[in-house]
Structure formats: structure tokens, C-alpha cells
Amino acid sequence: MNKNKNNWLLIAGLTLSAPLFAQDVSYTTLNWPPFIGESEDRNGVLAEIVKQTMDASGTDYTLEFTDWSKALEDVLAGKKDAIIAAYYSEERAKNYHYSLPIYSVYTGLVTRESSGIDIKFFQSYDELNSYRISKLADSVVGETFDKHPFPNIKPYATEQEAVQALFDGEVDFYAGNLDVAKDLAKKIGQDSAELSIVQPPINEQEIFVMFSKATENGLEQRDAFNKSLVNLQASGQYDAILSSFK
């Protein structure tokens with residue numbers, strides 16, 4: 001985890017002395033298996049990290065699963081306190097308080113071996129302009145990827161729909177995480193072994209919790225979360241959580 005490393009270390013230093021916030025915190029997120037989801041073991045590794053971070057702080061919390069766009073809107077409006085499983089973007093940072101990173105994954109272009117697409121490696125996004133690409137609506141894939149004016153990119157309301165479109169031949173690539181695509185392929189009765197990622201990966205994405213700027217105490221909640229997360233990592237409990245999901 002190295003993106004914006006200096007910023008996160010600065011935040012960590014500030015939050016070590018921050019008081020824990022006692023009020024209940026309401027979290028929301030999407031079903032994003034295998035990392036987080038209603039049907040995952042302990043709701044997935046991301047949910048377990050947040051759970052144990054909150055437990056360590058002595059703070060009660062709730063977690064609601066919904067679609068990604070609604071989760072973003074609810075936290076933006078202050079209807080929910082925080083959203084789990086967000087990538088960083090400068091635009092989002094204007095509207096949400098970012099936690100320290102809680103995990104990291106790779107994003108890339110996922111393709112089907114039987115699709116007839118012969119691209120295994122690309123050097124420029126311009127090489128992909130003629131291809132159809134699915135992605136989750138309102139998601140971040142990578143800073144340079146998101147800024148590129150792809151003419152044939154198709155947003156879908158859920159990751160499952162974006163992956164299904166790949167198997168249905170509606171698109172040539174799915175832009176996202178390979179593990180997520182493989183997990184969803186199994187859930188929709190498709191062969192996950194058909195899926196591979198085009199090289200190079202688009203980005204190594206750190207995963208964050210974003211707290212609402214619309215609530216009166218969003219910054220205090222973020223600081224309390226950061227303090228507890230740092231303590232969780234220092235105690236070795238964070239590594240134990242990761243190991244328990246291997």
C-alpha cells in the first residue's frame with residue numbers, strides 16, 4: 001500500500017491522539033464478492049476489518065448492503081455515516097473524508113479466453129478505443145484510465161451485470177478486479193477459468209472507508225476509525241484477519 005503514503009502517515013500521526021467517538025456509526029456498501037458481501041464468510045475480509053476496528057474502539061455500528069450508486073448518494077447526503085470499499089479519487093475527496101487504507105487490490109481489463117480478442121498486452125489506452133468495455137457505474141478503475149475518453153465504455157448498475165455482459169458478448173472487456181469477476185462468474189453459472197487479465201494491470205488500488213462530510217461528526221468518526229485501525233495493525237490483529245481469509 002503506497003499510494004499517497006505520506007498523506008496517510010501524516011493522518012495516522014494526527015489521529016493517534018484523537019479521542020474515540022462513542023456514537024453508533026452506520027455503514028453502507030455494495031455486494032462485492034469475494035472482498036465484501038452478504039453471502040461471504042463474516043461478510044468478507046473488508047467487513048471483518050471494519051468490524052474488528054469498530055469493536056476495538058468500543059463503538060457500535062450497523063452495516064447495510066445496497067447498490068454502489070445508492071451507497072455513495074446516502075453517504076454524500078448524510079443518510080449514512082460511511083461507505084466501505086472505496087477507491088481514491090481527487091473528485092471523491094472533495095465530498096468525503098477518507099480513512100487510512102484498509103486493503104489493496106489490482107484493477108485491470110478482464111477478458112474471456114474464448115472471446116477471440118487477441119490482446120494480451122497493451123501499451124496505450126488508444127489501442128483499446130475500438131473495443132467495448134463494461135464497468136460498474138460510478139466506480140473508479142484508475143486515475144489515467146478514468147480520464148481517458150473511451151468511446152465504447154458501458155457502465156452497469158452492478159458488478160454482476162458488468163461481468164454478465166462480458167459472457168453475453170455485449171462487451172469485449174470488463175474493467176475491474178479479476179478476483180471479483182471470477183467470483184461473480186461462478187455465481188452466474190459461467191466458467192471462471194475462462195477469465196484472465198490483460199497485462200499490465202491498470203492500477204494497484206488501495207481500499208478505503210469514506211466518511212460523510214454532510215454529518216456533523218463525520219471527521220470525528222473518521223479520526224476515531226483511523227486511531228483504532230492503527231492500533232489494530234500495531235497489535236498484529238490486522239494481519240491475523242488477513243490470514244484467516246486465505
Side-chain angles (χ1 to χ4, degrees), residues 1-5 8 12 25-68 71 82-88 98-108 110 136 139-142 158-160 162-163 174-197 201-211 222 224-246:
M1 297 180 181
N2 50 28
K3 184 176 181 180
N4 298 313
K5 182 176 180 181
W8 306 131
V25 179
S26 59
Y27 288 93
T28 184
T29 190
L30 78 169
N31 280 289
W32 194 50
F35 303 110
I36 193 165
E38 293 169 283
S39 300
E40 301 303 304
D41 174 31
R42 289 165 285 166
N43 290 145
V45 63
L46 300 183
E48 186 64 14
I49 291 169
V50 170
K51 175 184 182 299
Q52 293 203 32
T53 300
M54 298 302 291
D55 288 348
S57 73
T59 307
D60 292 330
Y61 74 101
T62 59
L63 174 58
E64 176 186 83
F65 288 90
T66 184
D67 68 73
W68 186 242
I83 183 170
I84 304 170
Y87 297 152
Y88 181 84
Y98 269 86
S99 75
L100 293 166
I102 64 172
Y103 201 74
S104 66
V105 298
Y106 282 98
T107 57
V110 178
L136 176 67
S139 68
V140 170
V141 178
T158 67
E159 296 271 21
Q160 181 169 316
V163 173
Y174 155 73
N177 175 265
L178 180 60
D179 290 330
V180 170
K182 283 180 172 288
D183 193 273
L184 288 171
K186 293 174 185 176
K187 284 181 169 58
I188 60 179
Q190 301 289 351
D191 183 7
S192 62
E194 259 206 285
L195 300 179
S196 62
I197 195 164
I202 291 170
N203 206 8
E204 181 181 6
Q205 290 281 19
E206 289 178 326
I207 296 175
F208 303 86
V209 176
M210 296 193 307
F211 289 83
R222 193 281 307 274
F225 181 90
N226 279 349
K227 178 180 179 180
S228 187
L229 178 64
V230 168
N231 291 337
L232 195 76
Q233 293 169 332
S235 71
Q237 194 172 349
Y238 176 88
D239 288 336
I241 294 170
L242 301 189
S243 295
S244 73
F245 279 89
K246 291 180 179 177

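Counting from 1, the numbers follow the sequence of the chain as shown.
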Could you pull out all residues at least two apart from [X] that satisfy side chain to side chain donor-acceptor pair (under 3.5 Å)?
X      : value
Asn31  : Glu38
Ser139 : none
Thr62  : none

I need the minimum non-hydrogen distance between [X] and [Y], along with the two atoms involved.
X      : Y      : value
Leu242 : Tyr103 : CD2-CE1, 3.7 Å
Gln233 : Pro101 : NE2-O, 4.3 Å
Ser57  : Ser228 : N-OG, 3.5 Å
Asn203 : Val141 : CB-O, 4.1 Å
Ala82  : Val209 : CB-CG1, 3.8 Å
Glu206 : Tyr87  : O-CD2, 3.7 Å

Is the shortest heavy-atom distance from the side chain of [X] to the side chain of [Y] under 4.5 Å?
X      : Y      : result
Tyr174 : Leu184 : no
Ile49  : Tyr238 : yes
Thr29  : Leu46  : no
Leu30  : Phe65  : no
Val50  : Ile36  : no
Val180 : Pro34  : yes

ask   = Under the salt bridge (charged side-chain N to carboxylate O under 4.0 Å, His left out) rule, what pairs show up with a residue in residues 179-189, not counting sequence neighbours?
value =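 Those involving residues 179-189 are Glu40-Lys187, Asp183-Lys187.
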query = Pairs in or reaching into residues 42-58: which pass salt bridge (charged side-chain N to carboxylate O under 4.0 Å, His left out), with residues at least two apart or in two chains?
reply =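 Of all non-adjacent pairs touching residues 42-58, those that pass salt bridge (charged side-chain N to carboxylate O under 4.0 Å, His left out) are Lys51-Asp55.
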Donor-acceptor under 3.5 Å ([X] side chain, [Y] main chain):
X      : Y      : result
Arg222 : Tyr98  : yes
Glu159 : Ala181 : no
Asn177 : Thr107 : no

inquiry  = side chain to side chain contact (heavy atoms under 4.5 Å, CB included) for Thr53 and Ile102? Distances and angles first, verdict last.
reply    = CA-CA 10 Å; Thr53 300; Ile102 64 172; over 6 Å; no
Contacts of type ring pair (Phe, Tyr, Trp, His ring centres under 6.0 Å), residue Phe211, not counting sequence neighbours =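 For Phe211, the residues satisfying ring pair (Phe, Tyr, Trp, His ring centres under 6.0 Å) (neighbours in sequence not counted) are Phe225.
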query = Who are the salt bridge (charged side-chain N to carboxylate O under 4.0 Å, His left out) partners of Glu194, not counting sequence neighbours?
reply =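 In terms of salt bridge (charged side-chain N to carboxylate O under 4.0 Å, His left out), with neighbours along the sequence ignored, Glu194 is linked to Arg112.
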With sequence neighbours left out, what residues match [X] under side chain to side chain contact (heavy atoms under 4.5 Å, CB included)?
X      : value
Ala185 : Phe167, Gln190, Ser192, Leu195
Asp41  : Phe245
Thr28  : Glu64, Thr66, Ala71, Val75, Lys80, Ile83

message = Rounded to the nearest 0.5 Å, what separates atom CG in Leu136 from atom CH2 in Trp32?
response =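 Atom-to-atom, Leu136:CG and Trp32:CH2 are 10.0 Å apart.
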request  = To the nearest 0.5 Å, tell me how far Lys227 NZ sits from Leu100 CG.
outcome  =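 Rounded to the nearest 0.5 Å, the NZ-CG separation comes to 13.5 Å.
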